[in-house]
Structures are given as structure tokens and as C-alpha cells.
Amino acid sequence: MSPAMNRRRFLGSAGVAAGGLVVGGAITTALDGGSAGADGGGDVVAFYGAHQAGITTPTQSRLHIAAFDVVDGASREDVRGLMRQWTAAAARMTEGRSLGDGSVDALAPPPDTGEAVGLPASNLTVTVGFGTSLFGHGGKDRFGLAAQRPAALAPLEALPGDELDPSRSDGDLCVQACADVPEVAFHAVRNLARIGRGVVVMRWSQLGFGRTAITNAAQQTPRNLMGFKDGTNNITADEQDALDRYVWVGSEAPAWLRGGSYMVTRRIRMLIEVWDRSALGDQEATIGRVKDTGAPLGSEAEHDKPNLTAKGPLGPIIPAKAHIRLAAPVTNDGVRILRRGYSFTDGFDSELGQLDAGLFFVAFQRDAHRQFTAIQRRLGTDALNEYIKHVSSGLFAVPPGAAREGDYLGRALFES
């Protein structure tokens, strides 16, 4: 069998973990072997490590992200078992391997959903986070985790521009799958949802295309659906000091989260039709950059430092309400975040007669309240608010990575 088919063999069991694990109450055997990278060498991102992949990993071109709620009646042991299964399954899928143990039962559902048959690993990453509600909901500590909830995992406060749909916000668990091929990202979330059936139900999901940020200095800055370069000043993987200061959680958090991060998700609807009727000069004044080159107004090149003190005949060259002025670290006491956003389009809003499209914003930081929330408050006067609205929101604690095969994400939390 060719290496390209290694991922996709329809193997015998949905349960996936070294030494076997519980799926629907049945213990399954260990999975078949297979070499990492067999589907294409450099297109495999290592799953195991100190930090979860999908944070500083060079941003892929496609996103499928979903949040899940734990069903009534499920126990702490059920959730722990699910994390074992998800970890083992994610590790296999990121290597380009299928799920199962080699046996096939024609009378049972296939162990792998199969839509990624023949495709390479495609730089797939799977990143898992825990929501506030997992640590207590409605006054009930369902899983005995309340004492382990970090202070910084308190729910986000209401923010300027919020028009949030609760059914598309928050969740007990979150899974972010990123890849360079859409079927591969979709396949990862679909299979994790299938494995979780009976323990979790999907609360919301979002597909994204076209990255809107860089996390590697070698990547070219992409453009968002407004046509502007986005994420020019993002933290990148080679800025170790910035990662330690602004992204990785330290001794301020419970031991189980140290080396992890906090993920904020925001579905930001762009009023595309209104934006498209705006004059070029108004668009550039709103963002604070030249649309063609991405340079800050008054500068020549994209990566020139914005001159926030420069003035012209009509006042500041970068207007007082320009997005880059209000979002700049110098305006926010030096605070930075690491962004991994994607464009989205979900068809047509027949009620408004407009495209349902925009930015699915994902950001990682050491403390969302001191970083994301503080910046977002400053953006309350942002001229861009005329053209956008925030319709969903989530905050998730992302634990450190699983160290090796047999380890699982969140182990230090569930075994504390």
C-alpha cells in the first residue's frame, strides 16, 4: 500500500489510544503503527511537545473550529476518558494516519469517516481548550474542578460592539483544527465529534478560509475580506521573549495550566456591502494604512513603524479613531496578543439582504482580561466599528501539550 493511503485505511475501531481506551463502554485494542510524515514528509506538524500545536505553528490556510458541551449525566471520568481518546486520535490524524486497529466489520460503522482518503497530513494541527463552564455551571461543580479554575478564566465582560448570540458562544470544550486542505481540517473535527458522541454534543462550529494573520516571520501578510493586509505586527514564533511574556501562562496559574495559554474566539461579522460603498480615502483613514501596500499612512512600507505623532494640514496623518492607532501596543501599555484569524462566509442573510461574511478572530494570550479585553475596550471608539459587529465570543484555557504517546491533554487537571 502506498504511503499516501496510510492515513485513510478504513481500520477497525473508533477507539484510539496506545494500549487501548474506552469508546462507548467497550475497550478497543491498540492502533496499528505507521511512520509520522509518511504522507508527505514536511507536511506533518509534531503533535507531542511542551505546548500544543496550532498556536505558534505557521498559520495554515484553513480552519474548522467547534465548541462542545458535556451532556447531562456525564461524569468526570467520562470527560477524562474523552480527553484520552481525543488526544490519541488527534495525534494519529496529524500524522496523516487513519483511526482503528486494522480489523473491519461490515456490520459496524467504519472507524474513520473517510472524506480525507488519499489526502496528505496537510500540516494539520488540533488544539483543545477548556471553557469556564467546565469548571462549574449554574452553581453546580459538575466534575469537581471548581477549585482548579484559574482566576483568568472568568467570563469575558460585555465589550463595545457586542451583539452576541449565546448559542454560538462559549462552550465546555473547544477544538481548533487548522490545515492547508479544507477536507483535512473538517475531517479532524468530524471524527472527534463522532468519538465524543454520548459524552459531548456540538454547541457551535465555524469553517474558515484564508488566514488573516502570520505566526512565522517568513510568511507574507495576508489580506482580510476588507482587502487590507491583516496581522502585520502579530507576535511570531521566533519572538521567544514576547511568547514568554504575552502568550504562555506562568506561575500565576494553577500547575495544570502552566505552559498553556488562553484562547479567545470572536465571530466578527463584516458589513461588506456598506464597506464596499465607502471611498478609498475613508477606508484607509478607518484602518490607518494604505490599502495597496499595507504601509501605515504617511509611511512607505508595510513594516514601517506607524508614526502616531505625525500631523498634516487636517490633523493627525493617522486619524485619532484609526484602527491601527487604537490597537497599537504603544497605545495599550505595550500589551500584545498572538492572532490566528480566518475569513469566513456563511451564505446570505435574507433578512438584511447582505452576505454573512467576516473574520473569525482567534487570539492566544497569557491573560485575556489584561490583554484582549483591555485592547478591545480601547477599540470602543474605533472607526472600524461602523462596519463590523461581534456576534459570538468564547474564552478557553488551553493546557500545555501532551508530552509523549500515552499522555493526554489536560491530564494534570483531571488527575489532580
Side-chain angles (χ1 to χ4, degrees), residues 59 61 160-161 208-236 239 242 246 266 268-344 357-363 371-372 374-390:
T59 313
S61 62
F209 68 93
R211 59 184 176 85
T212 60
I214 62 171
T215 51
N216 184 290
Q219 292 181 307
Q220 291 189 346
T221 309
R223 294 182 184 268
N224 59 30
L225 294 186
M226 289 179 163
F228 278 78
K229 291 192 173 185
D230 206 344
T232 296
N233 294 320
N234 198 26
I235 297 174
T236 55
E239 297 182 78
Y246 296 117
R266 305 279 283 187
I268 304 173
R269 173 88 177 268
M270 293 179 177
L271 307 180
I272 297 291
E273 290 79 3
V274 178
W275 178 258
D276 289 345
R277 291 194 295 269
S278 300
L280 175 61
D282 289 341
Q283 292 184 2
E284 292 182 336
T286 296
I287 302 300
R289 291 188 180 273
V290 178
K291 191 168 189 177
D292 182 28
T293 65
L297 294 180
S299 300
E300 298 296 325
E302 175 194 347
H303 293 283
D304 289 348
K305 185 177 179 179
N307 187 343
L308 301 180
T309 63
K311 296 186 180 297
L314 301 178
I317 291 178
I318 298 178
K321 295 183 179 181
H323 180 73
I324 69 164
R325 174 184 289 276
L326 296 174
V330 69
T331 310
N332 293 278
D333 299 321
V335 169
R336 301 175 68 190
I337 56 178
L338 188 154
R339 295 176 50 195
R340 289 183 64 94
Y342 288 84
S343 297
F344 73 84
L359 167 68
F360 195 85
F361 173 96
V362 180
Q371 293 171 257
F372 168 78
I375 295 171
Q376 197 63 33
R377 281 199 216 100
R378 180 80 64 177
L379 293 174
T381 59
D382 190 351
L384 188 60
N385 291 338
E386 181 180 349
Y387 304 101
I388 63 173
K389 58 181 180 179
H390 295 240

Colleague: Give the table of side-chain donor-acceptor pairs shorter than 3.5 Å for residues 322-330, with sequence neighbours excluded, one pair per line with atom names and distance.
Modeller:
unit_1 : atom_1 : unit_2 : atom_2 : d
H323   : ND1    : D382   : OD2    : 2.6
R325   : NE     : I318   : O      : 3.1
R325   : NE     : P319   : O      : 3.1
R325   : NH1    : L308   : O      : 3.1
R325   : NH2    : L308   : O      : 2.9
R325   : NH2    : I318   : O      : 2.7

Colleague: Checking T293 side chain against A295 main chain: does a donor-acceptor pair fall under 3.5 Å?
Modeller: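 Present.
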Colleague: Would a distance-only check, ignoring hydrogens and angles, find a side-chain to backbone donor-acceptor pair under 3.5 Å from T212 to S343?
Modeller: no
Colleague: Under 3.5 Å, side chain of Q371 to main-chain N/O of Y246, donor-acceptor pair present?
Modeller: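 Between the backbone of Y246 and the side chain of Q371 there is a qualifying donor-acceptor contact (under 3.5 Å).
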Colleague: For residues I268 and L359, determine if any side-chain heavy atom of one lies less than 4.5 Å from a side-chain heavy atom of the other.
Modeller: yes
Colleague: Quick one: are D230 and R339 in side-chain contact, heavy atoms under 4.5 Å?
Modeller: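 Answer yes - side chains close enough.
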Colleague: Quick check: does any side chain N or O of D333 sit under 3.5 Å from a backbone N or O of V335, one acting as donor and the other as acceptor?
Modeller: no
Colleague: So which atom in P160 and which in G380 form the shortest heavy-atom distance, rounded to 0.1 Å?
Modeller: CB-CA, 3.6 Å
Colleague: Compare all side-chain heavy atoms of I337 with those of I235 and state whether any distance is below 4.5 angstrom.
Modeller: no
Colleague: Does some side-chain heavy atom of N224 sit less than 4.5 Å from a side-chain heavy atom of M270?
Modeller: yes
Colleague: Under the 3.5 angstrom rule, does the side chain of D276 hit a backbone N or O of E273 as a donor-acceptor pair?
Modeller: no
Colleague: Applying side chain to side chain donor-acceptor pair (under 3.5 Å), name anything that partners Q283, two or more places apart in sequence or on another chain.
Modeller: K291
Colleague: I'd like to check F344 versus L225 (side-chain heavy atoms, cut-off strictly below 4.5 Å). Are they in contact?
Modeller: no
Colleague: Taking only residues two or more places apart in sequence or in another chain, which ones pass salt bridge (Lys or Arg N to Asp or Glu O under 4.0 Å) with K229?
Modeller: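 Listed in chain order: E302.
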Colleague: List the steps, then state whether side chain to side chain contact (heavy atoms under 4.5 Å, CB included) holds for T59 with I214.
Modeller: CA-CA 6 Å; T59 313; I214 62 171; 5.5 Å; no
Colleague: Not counting sequence neighbours, which residues clear salt bridge (Lys or Arg N to Asp or Glu O under 4.0 Å) with R211? List them please.
Modeller: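 Partners of R211 under the salt bridge (Lys or Arg N to Asp or Glu O under 4.0 Å) test: none.
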Colleague: Give me the atom names and distance for the closest heavy-atom approach of A213 to P222.
Modeller: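 Looks like N-CG, 3.4 Å.
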Colleague: Is there a side-chain contact between I388 and R269 (heavy atoms, below 4.5 Å)?
Modeller: no
Colleague: Go through the steps for L338 and R340 under the test side chain to side chain contact (heavy atoms under 4.5 Å, CB included), then give the verdict.
Modeller: CA-CA 7 Å; L338 188 154; R340 289 183 64 94; 3.9 Å; yes
Colleague: N332 and R378: which non-hydrogen atoms are nearest, and at how many Å?
Modeller: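 The answer is OD1-CB, 3.4 Å.
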Colleague: So, does W275 use its side chain to make a donor-acceptor pair with the main chain of M226 at under 3.5 Å?
Modeller: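 Here the side-chain-to-backbone pair exists.
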Colleague: Sequence neighbours excluded, which residues qualify as salt bridge (Lys or Arg N to Asp or Glu O under 4.0 Å) partners of E284?
Modeller: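 Salt bridge (Lys or Arg N to Asp or Glu O under 4.0 Å) check on E284 returns nothing, list empty.
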Colleague: Residues in side-chain contact (heavy atoms from CB on, under 4.5 Å) with N233, at least two apart?
Modeller: R289
Colleague: Quick one: pull up NE2 in H390 and CG in N385 and give me the separation to the nearest 0.5 Å.
Modeller: 6.5 Å
Colleague: Run E386 and K321 through salt bridge (Lys or Arg N to Asp or Glu O under 4.0 Å) and show every step you take.
Modeller: CA-CA 11 Å; E386 181 180 349; K321 295 183 179 181; over 6 Å; no
Colleague: Which label fits F361 and F372: parallel for a plane angle under 30°, tilted from 30 to 60°, or perpendicular past 60°?
Modeller: tilted
Colleague: Does a side-chain heavy-atom distance below 4.5 Å link I317 with N307?
Modeller: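 No, their side chains stay 4.5 Å or more apart.
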Colleague: Less than 4.5 Å apart, any side-chain heavy atom of S278 and any of Y387?
Modeller: yes
Colleague: Show, in sequence, the C-alpha distance, side-chain angles and deciding distance for T236 and T215, and conclude whether the side chain to side chain donor-acceptor pair (under 3.5 Å) test is met.
Modeller: CA-CA 4 Å; T236 55; T215 51; over 6 Å; no
